[in-house]
Amino acid sequence: MLLPATQGVAPAVNRVPNVTADFWLIKLMAVTMGETAADYLAVNLGLGLTATSLIMTGILIVALILQFAQKRYVPWAYWLAVVLISVVGTLITDNLVDNFGVRLETTTIAFSVALAATFALWYASERTLSIHTIFTTKREIFYWLAILLTFSLGTAAGDLVAETFDMGYLTTGLMFGGVIALIALAYYGFKLNGILAFWLAYILTRPLGASFGDLLSQPPEYGGLGFGTTFTSLIFLGCIIALVVYMTLKRASDEADAILLETE
């Protein structure tokens, strides 16, 4: 007896998480920590931008290898990659500005163009930008490249508004938070395309988190509250670990419930 072609083939599994409230909460914490951790490693530990960038890029590559090896969404592997890519994305912008003298206006425009080009190539290849269908290695490569560029772009845009335009960290954070609220209103109230709304919000959470990270960590003479990069980074790291543990336990519970239902 011939079996249908699809019988016995495991269904494709999405390799990235669903977009939920805890997704946005941990993402915001990850981008905030990315800003403060990059400053801590480069300044407080005295490693400098170049050495910090090389070390963190190497660690990120290892984390991405682990993430790609999963072939499914595994909370610890995914969020480890997000936290590290947040740090590296920050360092890329900081290197361009501080080591190579590239203006923040230029980096903001350049990363915007690079991100738009990534989305264009992704759509041309896969005919979708949905984060609900990251089933293949090619799509996951596009996904992580887009994520990296959103972090670098968000860092440049946030620093441009807070420092070059001299709006301060709190005002900058509130401004980007307000724009995200408008995107949410457009999505829920006026049926803005879900994929467009997601990526716009994802980009803007970077400068939102970075602004509040700088607000907490920078000394008062620079417009911050003076908690320092060490304390701020550890607080957010602890929150991230707690949320990842929660997500892991919840996922295991949901999978167990699903198996139980199938056997009934």
Side-chain angles (χ1 to χ4, degrees), residues 27-28 30-39 42 49-50 52-54 56-57 60 82 84-126 128-129 131 141-184 186-187 192-193 195-215 218 222-223:
K27 199 271 182 179
L28 185 59
V31 299
T32 304
M33 183 187 164
E35 179 74 15
T36 58
D39 290 343
L49 275 176
T50 302
T52 301
S53 300
L54 292 173
M56 296 309 297
T57 299
L60 172 61
V82 169
L84 290 171
I85 211 168
S86 174
V87 175
V88 172
T90 299
L91 290 168
I92 289 173
T93 298
D94 288 347
N95 270 286
L96 289 172
V97 174
D98 296 338
N99 283 348
F100 296 97
V102 182
R103 293 166 57 86
L104 283 168
E105 294 90 335
T106 304
T107 55
T108 300
I109 294 171
F111 284 126
S112 297
V113 172
L115 182 59
T118 298
F119 283 139
L121 290 172
W122 183 355
Y123 188 80
S125 173
E126 302 298 308
T128 180
L129 300 178
I131 49 89
I141 290 172
F142 277 122
Y143 175 87
W144 286 109
L145 178 58
I147 297 300
L148 175 62
L149 290 171
T150 64
F151 284 127
S152 294
L153 170 59
T155 299
D159 288 349
L160 176 66
V161 174
E163 298 173 10
T164 303
F165 296 164
D166 199 27
M167 293 185 65
Y169 300 124
L170 179 58
T171 301
T172 300
L174 292 175
M175 185 192 75
F176 282 109
V179 176
I180 293 172
L182 290 175
I183 294 170
Y187 173 70
L192 176 67
N193 178 270
I195 297 174
L196 175 61
F198 169 81
W199 284 112
L200 287 175
Y202 201 99
I203 293 168
L204 293 173
T205 52
R206 179 65 182 99
L208 171 65
S211 297
F212 282 110
D214 283 334
L215 176 67
Q218 294 301 312
Y222 293 112

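In what follows, every heavy atom counts, from backbone to side chain, and hydrogens, waters and symmetry copies are set aside. For reference, positions follow the sequence shown, starting with 1. Everything numeric in this text was worked out from a predicted model, so none of it was measured.
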*Output the distance between atom CG (D214) and atom OG1 (T32), rounded to the nearest 0.5 Å.*
9.5 Å
*Is the CZ atom of F119 crowded by more than 12 outside heavy atoms at less than 6.0 Å?*
yes
*OG1 of T106 to CZ of F100: how many Å apart, nearest 0.5 Å?*
14.5 Å
_Considering all heavy atoms, the nearest Y169-A162 contact_ = CD2-CB, 3.9 Å
*Between atom OG1 of T118 and atom CG of L129, what is the distance when rounded to the nearest 0.5 Å?*
10.5 Å
*Say whether, by atom type as modelled, one donor and one acceptor occur between the side chain of R206 and the main chain of V31 under 3.5 angstrom.*
yes
*Do V161 and M167 come within less than 4.5 Å of each other through their side chains, counting heavy atoms only?*
yes
*asked:* Quick one, T164 and R103 - any side-chain contact, counting heavy atoms below 4.5 Å?
replied: no
*asked:* Just to verify, which of L91, T93, L49 counts as forming a side chain to side chain contact (heavy atoms under 4.5 Å, CB included) with D98?
replied: L49
*CG of L160 to CD of E105: how many Å apart, nearest 0.5 Å?*
5.0 Å
*Return the minimal non-hydrogen interatomic distance between V87 and A37, and the atom names on each side.*
CG2-CB, 4.2 Å
*What are the two closest heavy atoms between S152 and G89, and how far apart are they?*
OG-O, 3.1 Å
Sequence neighbours excluded and cut-off under 3.5 Å, please list the side-chain donor-acceptor pairs for residues 174-183, or say none.
none

_Which heavy atom of S86 sits nearest to which heavy atom of A30, and what is that distance?_
OG-O, 3.3 Å
*asked:* Any heavy-atom pair between the side chains of N99 and N95 that's under 4.5 Å?
replied: yes
*Quick one: does Y187's side chain get under 4.5 Å of N193's, heavy atoms only?*
no
_Counting C-beta onward and ignoring hydrogens, is there a side-chain heavy-atom pair between F111 and L148 closer than 4.5 Å?_
no
*Are any side-chain N or O atoms of T205 and backbone N or O atoms of Y202, one a donor and one an acceptor, separated by less than 3.5 Å?*
yes
*Taking the six-membered ring for Trp, are F142 and W122 parallel (under 30°), tilted (30 to 60°) or perpendicular (over 60°)?*
parallel
_Please give me the minimum heavy-atom distance between G34 and T90, naming the atom from each residue._
O-OG1, 3.8 Å
*For residues D94 and D159, determine if any side-chain heavy atom of one lies less than 4.5 Å from a side-chain heavy atom of the other.*
yes
*T155 side chain near T107 side chain, heavy-atom distance below 4.5 Å*: no
*asked:* Treating S125 as the side-chain partner and L121 as the backbone partner, does any N or O pair qualify as donor plus acceptor under 3.5 Å?
replied: no
_Just to verify, which of I92, I85, V88, I203 counts as forming a side chain to side chain contact (heavy atoms under 4.5 Å, CB included) with F151?_
I85
